[in-house]
Amino acid sequence: MIGVLGLQGDFLEHIQLLKEIDNVKPVIIKRSEDMSNVDALIIPGGESTTIGDLIFAKNLDKKIIEFAREGRPVLGTCAGAILLAKKVSDKIVGETGQKTLALMNITVVRNIFGRQRESFVTDVDTKIGRLKVAFIRAPGIIDAQPPAEIIGYIDHPATGRIGVLAVENNLVAATFHPEITGDKTLYQYIISLIKK
Amino acid sequence: MIDSYMFLEKLRDLIYGLLEYRDRVKESGLEIIPIKTGTPLVKLGFISMLKGGVIMDVTNEDQAGIAEDAGAVGVMVLDKLPYDVRMAGGVARTADLNVIEKVMNTITIPVSAKCRIGHTEEAVLLEEIGVDLIDESEVLTPVDDKAHIDKWRFKTPFVNGARNLPEALRRIFEGASMIRTKGEPGTGNVAEAVKHMKIVNRDIASLRGHYINNDLEALWVYSKENKVPYELVLLTARLGRMPVVNFAAGGIATPADAALMMWLGSDGVFVGSGIFKSSDPESRARAIVLATSYYDDPETVVEAQKMVSEKSSMLGIDIRTLKPEQLMQIRGE
């Protein structure tokens, strides 16, 4: 059973894709008690400030941190990646001071490629293969300290080489959206991290 | 006819030329991965991220900061809040570009702005300064009573208001990436938004019924009678929902209003005058965000509703006291 955090954002797209994968039962998570039988968690795209506020307002933060510390896989896409990061800033505004779950040893810069006008779809080469994905007002991973490791980069004309996929043991941060383009590679990877 | 022979001959040369070029690039080992901006997928993907959230009307960067801190998924920059537009009368135009830019440099969440119905140049300006979403809005004074903006020409996504399904499908046909109910803006009265959402829901349910019964003739008749493309009618009937993200707007003033609209099937909520025309904007903004996300959990909506005082809500306007010419919802059908 894979949980998708359903507070705000495009969680239904994740649910729809997960339904198409064999032996996976997706479930929407809105309360701590929803997480009891879940093997892996996906934090979807949306507005990281909104999802973050709601996580803390409903005390889901402690539950998610405990879940991650137990070694169960957590995937954050876009806003989700921001919420997993220890350090976050914004390209224009600078320090955002926003609260995150601070689970991964990575530094993330929000809106690194620009505004919505600069959002794009493309293919990305990563250690887990080539993914066809969308970058929507996407953040970039500019630093990873062990045990975190960047395993996917993009060469963008405006920014140069930027990290877009990082892994730290059971935690995965992707600054893009596989759920918009329907690429299942990243889901298969998360499923492979579930301890049998 | 000779013109067309020549045209087709040239077209063939072009296609073969491109294929040869692709093969040459492949052989040279240089692979080009295109980065595509402004496509329908990129626009609809962005709109999808707003779902379950609240977009708040603001008139300056201070209000925008309050909205961001409260957990808004975006702000809409206006010169005057819809209530004040109503009171001021005169011509309502797009907001001051300097103010919009100031807001964009102050907050990290998406910034939207309104342009007048049919005013393509205002939309061009908003795209040029980098606004994330453009609302071709009936709150401002329309400049074209026949045609809306051709929104396919823009890389920036557009949202349009609609009172019923045919209006919504016409806007999608013109390139809108998102729909919202019109409601009656600036009234603090959610009645019209409820009406519009229910009218849309009933039409979709009936189209879905025809689809399940394989009654394509009924879909075809609907398309003809309502002046909407058959393909969009068929798509709606197949999906059983609005083909793009559909928010509620027009008159939402309390957390309970927001939760009600979510129950009726809205994908999210616009709040116009309801927040900054109340006397408790900070707590009200936060409460509406909470009620929108947890609309299906009465306990949380109670918690949200308790964060605001009814004595602080905007007084609002009974729609029956408005003269027909004061209605904004009839602009741009």
Side-chain angles (χ1 to χ4, degrees), chain A residues 6-13 28 30-31 44-54 56-58 78-79 82 88-94 96-98 110-111 113-125 130 132-137 154-158 176-177 179-181, chain B residues 31 33-55 67-74 104-112 126-134 154-157 177 245 267-268 286 289-290 292-294 296-297 299-300 303-304:
Chain A
L7 302 176
Q8 191 273 320
D10 71 335
F11 52 91
L12 291 177
E13 278 80 350
I28 296 176
K30 289 181 97 165
R31 295 155 199 84
E47 246 348 276
S48 63
T49 46
T50 307
I51 300 176
D53 280 0
L54 290 165
F56 287 101
K58 298 302 278 182
C78 197
I82 295 166
V88 177
S89 64
D90 182 88
K91 177 95 178 288
I92 303 289
V93 176
T96 59
Q98 73 188 96
R110 292 178 61 193
N111 302 317
F113 305 106
R115 307 192 69 90
Q116 170 57 16
R117 195 177 51 188
E118 283 81 43
S119 292
F120 55 96
V121 286
T122 191
D123 294 350
V124 176
D125 284 319
R130 174 172 286 194
K132 185 171 183 54
V133 294
F135 288 80
I136 308 287
R137 285 173 51 95
I154 182 174
D155 288 302
H156 190 278
F176 47 78
H177 299 278
E179 76 280 11
I180 293 296
T181 45
Chain B
E31 194 191 8
I33 303 175
I35 289 180
K36 288 188 275 185
T37 60
T39 67
L41 190 65
V42 172
K43 294 199 255 183
L44 295 168
F46 165 67
I47 301 298
S48 184
M49 301 308 150
L50 304 173
K51 287 189 293 184
V54 183
I55 298 177
E68 181 180 42
D69 291 344
V73 294
M104 290 198 300
N105 292 330
T106 312
I107 59 173
T108 63
I109 59 176
V111 175
S112 340
L126 293 176
E127 171 156 288
E128 188 60 32
I129 65 171
V131 161
D132 298 297
L133 171 69
I134 301 174
F154 291 80
K155 281 190 166 187
T156 309
S177 304
V245 165
D267 295 313
R286 200 170 284 278
V289 169
L290 194 60
T292 302
S293 175
Y294 281 94
D296 55 353
D297 178 18
E299 226 175 275
T300 309
E303 185 191 321

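Residue numbering restarts at 1 for every chain, and letters A, B, ... go by the order of the sequence lines.
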Checklist line | Heavy-atom contact with chain A under 4.5 Å, split by part of B:Val54 | finding: neither

Note to self: Between A:Ile92 and B:Met104, is the side-chain contact (heavy atoms from CB on, under 4.5 Å) condition met? List the steps.
What the structure shows: CA-CA 9 Å; A:Ile92 303 289; B:Met104 290 198 300; over 6 Å; no

Item checked: Derivation and outcome, side-chain contact (heavy atoms from CB on, under 4.5 Å), residues B:Ile107 and A:Val93 -> CA-CA 7 Å; B:Ile107 59 173; A:Val93 176; 5.8 Å; no

Next item on the list: Count the heavy-atom pairs under 4.5 Å between each of A:Asn111, A:Thr96, A:Thr50 and chain B, then report the option with the highest count.
Entry: A:Thr50

Notebook entry, point to check: Which atom pair, heavy atoms only, marks the closest approach of A:Ile136 to B:Gly45?
Noted result: CD1-C, 4.0 Å

Next item on the list: Please report the closest heavy-atom contact between B:Pro157 and A:Gln116, naming both atoms and the distance.
Entry: CD-CG, 3.8 Å

Margin query: So which atom in B:Ser293 and which in A:Leu7 form the shortest heavy-atom distance, rounded to 0.1 Å?
Written below: OG-O, 2.7 Å

Item checked: From B:Thr300 atom OG1 to A:Lys30 atom NZ, the distance as rounded to the nearest 0.5 Å -> 8.5 Å

Note to self: I need the residue from B:Pro110, B:Gly74, B:Gly268 with the largest number of non-hydrogen atom pairs under 4.5 Å to chain A.
What the structure shows: B:Pro110

Notebook entry, point to check: What are the two closest heavy atoms between B:Leu41 and A:Thr181, and how far apart are they?
Noted result: CD2-CG2, 3.8 Å

Check: Considering only heavy atoms from C-beta outward, does the side chain of B:Val289 approach that of A:Gln8 to under 4.5 Å?
Finding: no

Item checked: Distance (rounded to the nearest 0.5 Å) between A:Asp10 CG and B:Leu44 CG -> 12.5 Å

Note to self: So for A:Arg117, is it side chain, backbone, both, or neither that comes closer than 4.5 Å to the heavy atoms of chain B?
What the structure shows: both

Checklist line | When A:Glu179, A:Arg31, A:Gln98, A:Glu118 are compared by non-hydrogen pairs under 4.5 Å with chain B, the top option | finding: A:Arg31

Item checked: Pairs of heavy atoms under 4.5 Å with chain B: top-ranked of A:Ile51, A:Leu12, A:Asp90 -> A:Asp90

Next item on the list: Specify the closest pair of heavy atoms between A:Phe120 and B:Thr37, including all atoms of both residues, with the distance to one decimal.
Entry: CB-CG2, 3.9 Å

Check: Please walk me through it: do A:Glu47 and B:Glu68 pass side-chain contact (heavy atoms from CB on, under 4.5 Å)?
Finding: CA-CA 10 Å; A:Glu47 246 348 276; B:Glu68 181 180 42; over 6 Å; no

Notebook entry, point to check: Salt-bridged, B:Asp132 to A:Arg137, with N to O below 4.0 Å?
Noted result: yes

Note to self: Within this structure, what is the CZ-NE2 distance for the pair B:Phe46 and A:His177, rounded to the nearest 0.5 Å?
What the structure shows: 10.5 Å

Margin query: Any salt bridge linking A:Glu13 with B:Lys51? Criterion: basic side-chain nitrogen under 4.0 Å from a carboxylate oxygen.
Written below: yes

Margin query: I'd like to verify something: which residue of B:Arg286, B:Glu303, B:Glu127 has the highest number of heavy-atom pairs under 4.5 Å with chain A?
Written below: B:Glu127

Item checked: Nearest atoms (heavy-atom pairs only) where A:Thr122 meets B:Ile35 -> OG1-CG1, 3.8 Å

Note to self: Test side-chain contact (heavy atoms from CB on, under 4.5 Å) on A:Thr49 and B:Ile109; report intermediate values, then the result.
What the structure shows: CA-CA 8 Å; A:Thr49 46; B:Ile109 59 176; 3.4 Å; yes

Item checked: Sidechain-backbone polar pair: A:Arg115 side chain, B:Ile129 backbone, donor-acceptor under 3.5 Å -> no

